[in-house]
Engineer: 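Pasting a structure below so you can have a look.
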Amino acid sequence: MTVPPVVVLDACVIYPAAQRDLFMWLAAGGAIRAHWTNEIHDEWMRNVEHDYGVDRSVLDRVRKLMDRAASDALIGRYRQHERLFPKTDAKDRHVAAAAVAARNHSGADIVTIITWNLKHFDRKELAKVGIVAENPDVFLCRLLADSPESAVMAFIRMRDNLRNPPKSTRQCADTLAAQGLKKFAGLIVARLA
């Protein structure tokens, strides 16, 4: 049995609803072991509230559902690892530190930070402690190649869970593509055609 990749989801990946939904279905299905922190939660929730006017109580409900769905996802006691990343953008050191804590917790050889902000992370600093940062589209394409059944099932579960309004495979893929997951969206549509 293949060990699922251990990942830390940056706030920029959790912020868009469809992207967040897909990663949660991947975690729920065991395709990935997803992690985040309360600080990551606070960041994506603050931005959604500001940008879309979504009521904080709705976002708190989503946060609780995420924490419950991926039972060991919430990482604590990571701040002491921030000192390992002096060249990483100060606003993202907490994400790198959380990845170290996730690596220690999981025993994984490598932990992947899934982020759109690759330039914020110093790759050499990350490599020294068994961490890599990867663009979500690249990560999902690799996951689809390595674990096609799990990735496809997560997408199908995400699609089938949308009821208000329901969406087709193409509509779901188009939404993901609009959020930056262009290659993955194309591959998933081709696979389900």
Side-chain angles (χ1 to χ4, degrees), residues 1-37 40-41 43-44 66 69-70 72-75 85 88-89 92-103 105-159 169 172-192:
M1 183 173 161
T2 306
V3 177
V6 177
V7 302
V8 171
L9 302 176
D10 197 359
C12 60
V13 174
I14 302 173
Y15 170 86
Q19 222 169 241
R20 176 178 61 246
D21 203 15
L22 177 59
F23 275 101
M24 289 309 304
W25 283 112
L26 288 166
I32 62 172
R33 285 187 60 193
H35 295 284
W36 48 77
T37 65
I40 290 169
H41 268 316
E43 184 179 341
W44 76 262
M66 287 174 64
D72 72 340
L74 192 61
I75 294 290
F85 305 103
T88 290
D89 186 289
D92 282 313
R93 285 186 194 135
H94 68 99
V95 179
V100 172
R103 185 169 182 259
H105 173 72
S106 68
D109 292 333
I110 300 280
V111 170
T112 304
I113 297 169
I114 309 297
T115 185
W116 291 108
N117 300 321
L118 294 174
K119 66 185 182 303
H120 293 186
F121 296 90
D122 185 279
R123 291 185 182 274
K124 289 180 183 176
E125 287 179 343
L126 296 178
K128 286 180 186 177
V129 292
I131 311 293
V132 296
E134 196 164 26
N135 163 309
D137 201 23
V138 171
F139 174 82
L140 289 168
C141 290
R142 187 167 43 77
L143 186 68
L144 184 60
D146 294 347
S147 302
E149 302 84 18
S150 297
V152 168
M153 186 51 64
F155 178 86
I156 290 170
R157 289 174 76 191
M158 177 193 78
R159 180 201 64 202
T169 294
C172 285
D174 287 349
T175 299
L176 292 171
Q179 294 177 356
L181 302 175
K182 292 179 175 68
K183 289 179 185 171
F184 175 78
L187 291 172
I188 203 80
V189 166
R191 200 169 272 271
L192 292 173

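Any value given below was found using the heavy atoms of this structure, including those in side chains, with hydrogens, waters and symmetry copies removed.
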Engineer: Could you tell me whether the side chain of Asp92 reaches within less than 4.5 Å of the side chain of Thr115, counting heavy atoms only?
Structural biologist: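 In short, these two side chains do not touch, never coming nearer than 4.5 Å.
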Engineer: Please report the interatomic distance CZ(Phe85) to CZ(Arg93), rounded to the nearest 0.5 Å.
Structural biologist: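 Nearest 0.5 Å value for the CZ-CZ distance: 10.5 Å.
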Engineer: Could you grab the distance from atom NE2 of His94 to atom CG of Asp89, nearest 0.5 Å is fine?
Structural biologist: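 Between His94 NE2 and Asp89 CG, I get 9.0 Å after rounding to 0.5 Å.
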Engineer: Rounded to the nearest 0.5 Å, how far does CG of Asp10 lie from NE2 of His120?
Structural biologist: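 That separation rounds to 9.0 Å.
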Engineer: Run the side chain to side chain contact (heavy atoms under 4.5 Å, CB included) check on Thr169 and Arg159 step by step: do they pass?
Structural biologist: CA-CA 7 Å; Thr169 294; Arg159 180 201 64 202; 2.6 Å; yes
Engineer: Between Trp116 and Asn135, is any pair of side-chain heavy atoms under 4.5 Å apart?
Structural biologist: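 Yes, their side chains come closer than 4.5 Å.
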Engineer: Just how far is it from atom CD1 of Ile156 to atom CZ of Arg191, taken to the nearest 0.5 Å?
Structural biologist: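 Those atoms lie 10.5 Å apart.
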Engineer: Compare all side-chain heavy atoms of Leu74 with those of Met66 and state whether any distance is below 4.5 angstrom.
Structural biologist: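 Leu74 does not reach Met66 side chain to side chain.
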Engineer: Do Leu143 and Phe184 come within less than 4.5 Å of each other through their side chains, counting heavy atoms only?
Structural biologist: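 SC-SC contact between Leu143 and Phe184 ruled out.
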Engineer: Considering only heavy atoms from C-beta outward, does the side chain of Leu126 approach that of Ile113 to under 4.5 Å?
Structural biologist: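 Yes. Closest side-chain heavy atoms under 4.5 Å.
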Engineer: For Val100 and Ile131, which heavy atoms make the closest approach, and how far apart are they?
Structural biologist: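 Nearest pair, atom of Val100 first, then Ile131: N-CD1, 3.9 Å.
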Engineer: Could you tell me whether the side chains of Thr112 and Glu134 share a donor-acceptor contact shorter than 3.5 Å?
Structural biologist: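 Result is no, nothing qualifies.
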Engineer: Looking at every non-hydrogen atom in both residues, tell me the closest pair between Leu176 and Phe155 and how far apart they are.
Structural biologist: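 Nearest pair, atom of Leu176 first, then Phe155: CD1-CE1, 3.8 Å.
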Engineer: Mind checking what makes side-chain hydrogen bond (donor to acceptor under 3.5 Å, both in side chains) contact with Arg20, not counting sequence neighbours?
Structural biologist: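 For Arg20 there are no side-chain hydrogen bond (donor to acceptor under 3.5 Å, both in side chains) partners, ignoring immediate neighbours.
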Engineer: If you take all heavy atoms of Gly29 and Arg157, which pair is closest and at what distance?
Structural biologist: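 Closest approach of Gly29 to Arg157, heavy atoms only: CA-NH1, 3.9 Å.
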Engineer: Should Met158 and Leu26 be marked as a side chain to side chain contact (heavy atoms under 4.5 Å, CB included) after you check the CA-CA gap, both sets of side-chain angles, and the distance that decides it?
Structural biologist: CA-CA 9 Å; Met158 177 193 78; Leu26 288 166; over 6 Å; no
Engineer: Is there a side-chain contact between His35 and Asp72 (heavy atoms, below 4.5 Å)?
Structural biologist: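 A side-chain contact under 4.5 Å exists here.
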Engineer: Are any of the side-chain heavy atoms of Phe139 and Val7 separated by less than 4.5 Å?
Structural biologist: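 Of all side-chain heavy-atom pairs linking Val7 with Phe139, at least one is under 4.5 Å.
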Engineer: Check the pair Ile32 / Ile114 against side chain to side chain contact (heavy atoms under 4.5 Å, CB included), numbers first and verdict last.
Structural biologist: CA-CA 12 Å; Ile32 62 172; Ile114 309 297; over 6 Å; no
Engineer: On a heavy-atom basis, which atom in Arg33 and which in Ser106 lie closest, and how many Å separate them?
Structural biologist: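 Residues Arg33 and Ser106, closest heavy atoms: NH1-CB, 3.7 Å.
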Engineer: For Gln179 and Ala17, which heavy atoms make the closest approach, and how far apart are they?
Structural biologist: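 What the structure gives for the nearest pair is NE2-N, 4.2 Å.
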Engineer: So, using ring pair (Phe, Tyr, Trp, His ring centres under 6.0 Å) as the criterion, who are the partners of Trp25 when residues are at least two apart?
Structural biologist: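 Scan of Trp25 (ring pair (Phe, Tyr, Trp, His ring centres under 6.0 Å), adjacent residues dropped) gives none.
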Engineer: Atom OG1 of Thr37 and atom CG of Leu9: how far apart are they, to the nearest 0.5 Å?
Structural biologist: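 The OG1 atom of Thr37 sits 10.5 Å away from the CG atom of Leu9.
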Engineer: With side chains defined as the heavy atoms from C-beta onward, is the minimum distance between Phe23 and Leu140 less than 4.5 Å?
Structural biologist: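 They are in side-chain contact.
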Engineer: Of the non-hydrogen atoms in Asn117 and Cys12, which two are nearest, and what is the gap between them?
Structural biologist: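 Minimum heavy-atom contact is ND2-SG, 3.6 Å.
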Engineer: Could you give the distance from OG1 (Thr175) to CD (Gln19), rounded to the nearest 0.5 Å?
Structural biologist: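 Taking OG1 in Thr175 and CD in Gln19, the distance rounds to 11.5 Å.
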